[in-house]
Each structure stands twice: as structure tokens, then as C-alpha cells.
Trainee: 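Below are the C-alpha cells for one structure; questions will follow.
Note: hydrogens, waters and symmetry copies are ignored here, and every other heavy atom, side chains too, is used.
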Amino acid sequence: ANLNCVAIGIDTMRLGTGNLQMNTAVGAFALRSVRPNAGLYFGFEAYYNTAIGAGALQNTQNSGYNVAIGSAALQGKAGTFSPATQIVQNVVAIGKQAGQSAALTYHVKDNVFIGDECADAKQNGNGNTYVGSQIVGGGTSAGGIYNETIIGNATTGTGTRTVNLGNTDVLFIRGEV
């Protein structure tokens, strides 16, 4: 059921069978999910999402309270995980391909991705904040990365419960702790 939704653009908010409530999608393929497995549509929910840009929030299932602004922002890849186990909630992604593949993981909650190609690879985890272009989250934990903060251009993180400021070109960090 589509309740109180706004969809502008070709194939925008085309989700197959599912429960859609209070979503706004602007741009070709924004908030759209393709057939995830063997040509079958799975039911899922999408609620209170805002997707602006071609492919923004495309291929995400069980998503709610997300903001994706920019071409391919929070765009996952179809059919990677079962919609029943995938959760993308409370995520802000601003910039071209910001958090692009966040939807590839099982649980992505309470994350912020701001910048061109910011965290467009693996981002399974909660409470992460990434600001800058071409940021790569750190660690390889199967359970995900949690509470990681990365600020800077082309900066790579170091994993759970860490703060990373700048890349290898930064010579000084000033401030008081």
C-alpha cells in the first residue's frame, strides 16, 4: 500500500509488493528496488524516507527515516541480501554516491555520510560519522563497524570506536583535549 507518498521521475518509488508510507522520492529510479532474487518480488517496508537524486535509496529494503541526497546516495545493489534481514534506518547520506553500498549490509543504522563518494564501500554498523570526499571506513569486523568518526578528504578509518582526522598529507592537528 502506498500511503501519502510523493514520487517524481521515471521508475521512481517502484518497489513491487510492499508497504510504503510517507516517502518522498525525486529523480529517476529514486527509492526504487528491483527484483532481488530469481525474478520474484519480496514484500518489504519503506517509511518516512526522503530520496533526491537519480538512484538515491535505490535497492534498499526495510528502510525508514533516511535522507539520501545526491546521485546514487545510499544506493545498494539489488539481490545481495534478503529484504527480511536488511535494515537501513536513520541514515543521512549527502553527496554523489555517499553511502552508496551501505544497503549491501544487514544493519546500517544511525550513520552520517557527507561527501562525494563518502563511504561508498562497506558500511555495516551503527553510529558512524563520515565527513569528506572519498572516505573509506576502517576495520574488517564481520559484525560491523560501530562508533567510527572520520573527517577529511581521502581518509581511511581504523575501525570501531576510533576518530580519524585527515589523511597522510596532514602535517599538524591543533586543539585541546
Trainee: At what distance, to the nearest 0.5 angstrom, does CD of Q134 lie from SG of C118?
Mentor: 10.5 Å
Trainee: Rounded to the nearest 0.5 Å, what's the gap from OG1 on T158 to CG on N164? Could you check?
Mentor: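 Nearest 0.5 Å value for the OG1-CG distance: 4.0 Å.
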Trainee: Check whether any side-chain N or O of S133 sits under 3.5 Å from a backbone N or O of N153 as a donor-acceptor pair, and report yes or no.
Mentor: no
Trainee: To the nearest 0.5 Å, what is the distance between CG (N147) and CZ (R161)?
Mentor: 8.0 Å
Trainee: Give the cluster check for I10 versus I8: same hydrophobic cluster or not, with ILVMFWY residues linked at side-chain heavy-atom distances below 4.5 Å.
Mentor: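 No, separate clusters.
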Trainee: Which residue in the set I145, V91, D110 passes side chain to side chain contact (heavy atoms under 4.5 Å, CB included) when paired with N128?
Mentor: I145
Trainee: Within the 3.5 Å criterion, strictly below it, is a donor on N49 or S63 matched to an acceptor on the partner's side chain?
Mentor: yes
Trainee: Does L165, at its CG atom, have more than 12 non-hydrogen atoms belonging to other residues, nucleotides or ligands within less than 6.0 Å?
Mentor: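 Enclosed.
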Trainee: For L31, does its backbone N or O pair with a side-chain atom of N23 as donor and acceptor, under 3.5 Å?
Mentor: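 No.
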Trainee: Identify the two heavy atoms, one from A98 and one from F113, that lie closest to each other, and give their separation to 0.1 Å.
Mentor: CB-O, 3.9 Å
Trainee: Where is the tightest heavy-atom contact between G137 and Y130, given as atom of each residue plus distance?
Mentor: CA-OH, 3.9 Å
Trainee: Can you tell me how far apart CD1 (I135) and CG (D116) are? Round to the nearest 0.5 Å.
Mentor: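 Nearest 0.5 Å value for the CD1-CG distance: 11.0 Å.
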Trainee: Out of curiosity, T24 OG1 to L57 CG, how far, rounded to the nearest 0.5 Å?
Mentor: 11.5 Å
Trainee: Determine the minimum heavy-atom distance between N111 and G127, stating which atoms define it.
Mentor: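 Looks like OD1-N, 3.3 Å.
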Trainee: Answer yes or no: is there a donor N or O on one side and an acceptor on the other, between the side chain of E148 and the main chain of G159, under 3.5 Å?
Mentor: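 Yes, E148 side chain to G159 backbone: donor-acceptor pair under 3.5 Å.
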Trainee: Quick one: sort the Y47 and Y65 rings into parallel, tilted or perpendicular, breaks at 30° and 60°.
Mentor: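 Rings of Y47 and Y65: perpendicular, as their planes differ by over 60°.
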Trainee: If I compare all heavy atoms of A25 with all of T12, which pair ends up nearest, and what's the gap?
Mentor: CB-CG2, 3.3 Å
Trainee: For residues A56 and A68, report the shortest heavy-atom separation together with the two atoms involved.
Mentor: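 Closest approach of A56 to A68: CB-O, 3.8 Å.
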Trainee: Show the nearest heavy-atom pair for residues A93 and A73, with the distance to one decimal.
Mentor: O-CB, 3.9 Å
Trainee: Distance from I114 atom CD1 to T129 atom OG1, nearest 0.5 Å?
Mentor: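 I114 atom CD1 to T129 atom OG1 measures 8.5 Å (nearest 0.5 Å).
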